[in-house]
Amino acid sequence: MLKKHQKKTGTSSYSSFFNCIEKNFDKATKFISIEKGLLEQIKACNAVYRVHFPIKLGKEIKVIESYRVQHSHHKLPCKGGIRYSTKVNQDEIMTLAALMTYKCAIVDVPFGGAKGGIKIDPQTISIEEIEKITRRYTSELIKKNFIGPGIDVPAPDYGTGEREMSWILDTFLSIKPEDVDALACVTGKPISQGGVRGRKEATGLGVFYGIRELCKMKKDMSSIGLNVGLVGKKIIIQGLGNVGYYAASFFYQAGAIIVALAEREGAIYNEKGLDVSEVILHLKNTGSILNFPKAKNIENTEKALELECDILIPAALENVINKNNADKIKAKIIGEAANGPITPEADEILEKKGVIIIPDIYLNAGGVTVSYFEWLKNLSHVRHGRMEKRFNENMNSELLQVMETTCKKKISPDDKKIILRGPREIDLVRSGLEDTMISGFHTIRDLKISLKIQNMRTAAFVLAINKIVDSYEKLGIFP
Ligand code: GLU
């Protein structure tokens, strides 16, 4: 029965998106014996800032609706992206902020969760106008102390990227020039503005590492009738933004078959596989993925989710898999690259069908993990690897000389080149990301097995809640 204040929506019987995440949270609490009050504190959003500001767009003055939500202050700064979309609303941003808290806990990134949003369609307004809005939004955040290297650190999300992060930094710098750590007030910046190598592709690469790890597990794979490994696996990716695009490229390079790609305007399908870089070229030339010469068009983009495949990767917006289409999904694995793409009702239907779902709060944590590396770089004021690269190369060279003299054998110049190389920033970032995603996967899987939890999402929530509880207890707030 629905409660009085709940209204049934087209895709979910829950009154709100936040309600959906609460439902996932509550499922996990059955496996945790913690005082109710503390669980309520973890669930609640600590601070919600909604601001309307006027902007002159063309000849008209428009009122812009925007948000920044800090879900949890158990660790500071708060961290999370800023999205630009016409669908932005308080409930959505609160939910996404909550997901950030759990995400950071799972991958051991020492931040509380946050999220921001501006209700605009960046595709219908000019770059100058987007810049004006971004700068004004940043000043509003500064005014209320909702941004800063130790307070709250935004990053890119749906509809934003390096360009917007640069404007945020520049606005912050112009108001707080005395802050020596100002570069760390935002992540996802271009390299020239203090960004870190490997941030752009981090979420997509993290998605790749997480799914690859599952596909290595013989037991899990045989439970759904698949072979181990990625080679030959049929994959559908919904959303070709930054996350979907990089995920598609990494799976393609690893030998998986990308059978369908879906975008807002429609989807394209080829049973034998799509060459991702060719599709991107076509998209750049024509402005759409449709009419790609080596594929069939699917006008109704939602139908692409229901096609035959092994792995389905929703990489766009929330609630795309819901009670209306869950039963028609044919994938055996769903990797949640987007935040909240599956409603709780759909979750139950898919679980009954035996689909393995790798949850968002783990799978798309690659972005914030590398944001953490960028933040550390900005606070230390030195590029990762700068201090040790040459030292390692010299040590390796000495080691090689000893080996050659001891073994009385020369190592080939090509092998030498590989062995001698010291780590560059991109090497360190990638290996840190890979290690985070692999160990995160196994921690969740081991917990799932040891506590006999039905699915990875509940196990991931149990892991996150336990870590946050531990942090609150050590803080001494609950003696
Ligand atoms: N927007 C991304 C997310 O949802 C990245 C957040 C960040 O790097 O802070 O995880």
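Worth knowing before you read on, the calculation uses all heavy atoms, side chains too, and leaves out hydrogens, waters and symmetry mates.
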Exercise. Salt bridge or not for Lys79 and Asp152, using N-O below 4.0 Å?
Worked result: no

For this session: Decide yes or no on side-chain hydrogen bond (donor to acceptor under 3.5 Å, both in side chains) for Ser371 and Glu374, but give the supporting numbers first.
Result: CA-CA 5 Å; Ser371 273; Glu374 179 174 334; 5.3 Å; no

Exercise. What distance do Ile133 atom CD1 and Thr138 atom OG1 have between them, rounded to the nearest 0.5 Å?
Worked result: 11.5 Å

Problem set entry | Heavy-atom closest pair, residues Ala267 and Ala304 | CB-CB, 3.6 Å

Problem set entry | Nearest heavy atoms of Ala28 and Ile465, plus distance in Å | CB-CD1, 4.0 Å

For this session: Using a strict 4.0 Å threshold on nitrogen-to-oxygen distance, state whether Lys103 and Asp360 make a salt bridge.
Result: no

For this session: For a side-chain contact (heavy atoms from CB on, under 4.5 Å) with Glu425, tell me which candidate from Lys389, Lys377, Arg430 qualifies.
Result: Lys377

For this session: Return the set of residues passing side chain to side chain contact (heavy atoms under 4.5 Å, CB included) with Asn285 (not counting sequence neighbours), or none when no residue passes.
Result: Leu281

For this session: Check step by step if side-chain contact (heavy atoms from CB on, under 4.5 Å) holds for Ile118 and Val88.
Result: CA-CA 6 Å; Ile118 306 185; Val88 160; over 6 Å; no

Problem set entry | Glu131/Arg136 salt bridge by N-O under 4.0 Å criterion | no

For this session: Give a yes or no on whether a salt bridge exists between Lys294 and Glu278, defined as a side-chain N under 4.0 angstrom from a carboxylate O.
Result: yes

Exercise. Going by an N to O cut-off under 4.0 Å, is there a salt bridge joining Arg457 and Glu336?
Worked result: yes

Exercise. Taking NZ, NE, NH1 and NH2 as the nitrogens, is one of them in Glu92 or Arg83 under 4.0 Å from a carboxylate oxygen of the other?
Worked result: yes

Exercise. OG/Ser439 to CD/Glu434 distance, rounded to the nearest 0.5 angstrom?
Worked result: 10.5 Å

Problem set entry | Minimum heavy-atom distance between Pro149 and Phe172, given as atom pair plus value | CD-CZ, 3.9 Å

For this session: State whether the number of non-hydrogen atoms from other residues, nucleotides or ligands found under 6.0 Å of Lys353 atom NZ is greater than 12.
Result: yes

Seminar exercise, completed: Heavy-atom closest pair (His282 atom, Pro293 atom, distance to 0.1 Å) is ND1-CD, 4.1 Å

Exercise. At what distance, to the nearest 0.5 angstrom, does CE of Met456 lie from CG of Leu447?
Worked result: 10.5 Å

For this session: Find the distance between NE2 (His384) and CZ (Arg197) and round it off to the nearest 0.5 Å.
Result: 10.5 Å

For this session: Assess whether atom CD of Glu302 is packed by more than 12 heavy atoms of other residues, nucleotides or ligands within 6.0 Å.
Result: no

Problem set entry | Any donor-acceptor N or O pair under 3.5 Å, side chains Lys233, Asn227 | no

For this session: Verify side-chain hydrogen bond (donor to acceptor under 3.5 Å, both in side chains) between Ser166 and Gln193, making sure each step is shown before the conclusion.
Result: CA-CA 7 Å; Ser166 272; Gln193 304 302 309; 5.0 Å; no

For this session: State, to 0.1 Å, how close Lys452 and Phe31 come at their nearest heavy-atom pair, and which atoms those are.
Result: O-CE2, 4.3 Å

Problem set entry | Between CD1 on residue Ile357 and CG on residue Leu214, distance to nearest 0.5 Å | 12.0 Å

Exercise. Can the ring centroids of Tyr102 and Phe461 be said to lie less than 6.0 angstrom from one another?
Worked result: yes

Exercise. Taking it one step at a time, do Phe251 and Phe208 satisfy ring-ring contact (aromatic ring centres under 6.0 Å, His included)?
Worked result: CA-CA 7 Å; Phe251 281 109; Phe208 170 78; 5.1 Å; yes

Problem set entry | Presence of salt bridge, Lys23 and Asp347, under 4.0 angstrom | no

Exercise. Does a salt bridge link Lys417 with Asp414, judged by any charged N lying under 4.0 Å from a carboxylate O?
Worked result: no

Exercise. Which is it for Tyr372 and Thr187 under the side-chain hydrogen bond (donor to acceptor under 3.5 Å, both in side chains) test, yes or no, and what are the steps along the way?
Worked result: CA-CA 8 Å; Tyr372 172 45; Thr187 60; over 6 Å; no

Problem set entry | Over all atoms of both residues, closest heavy-atom pair of Phe18 and Cys45 | CE1-SG, 4.1 Å

Problem set entry | Residues Lys303 and Glu306 bridged, charged N to O under 4.0 Å | yes

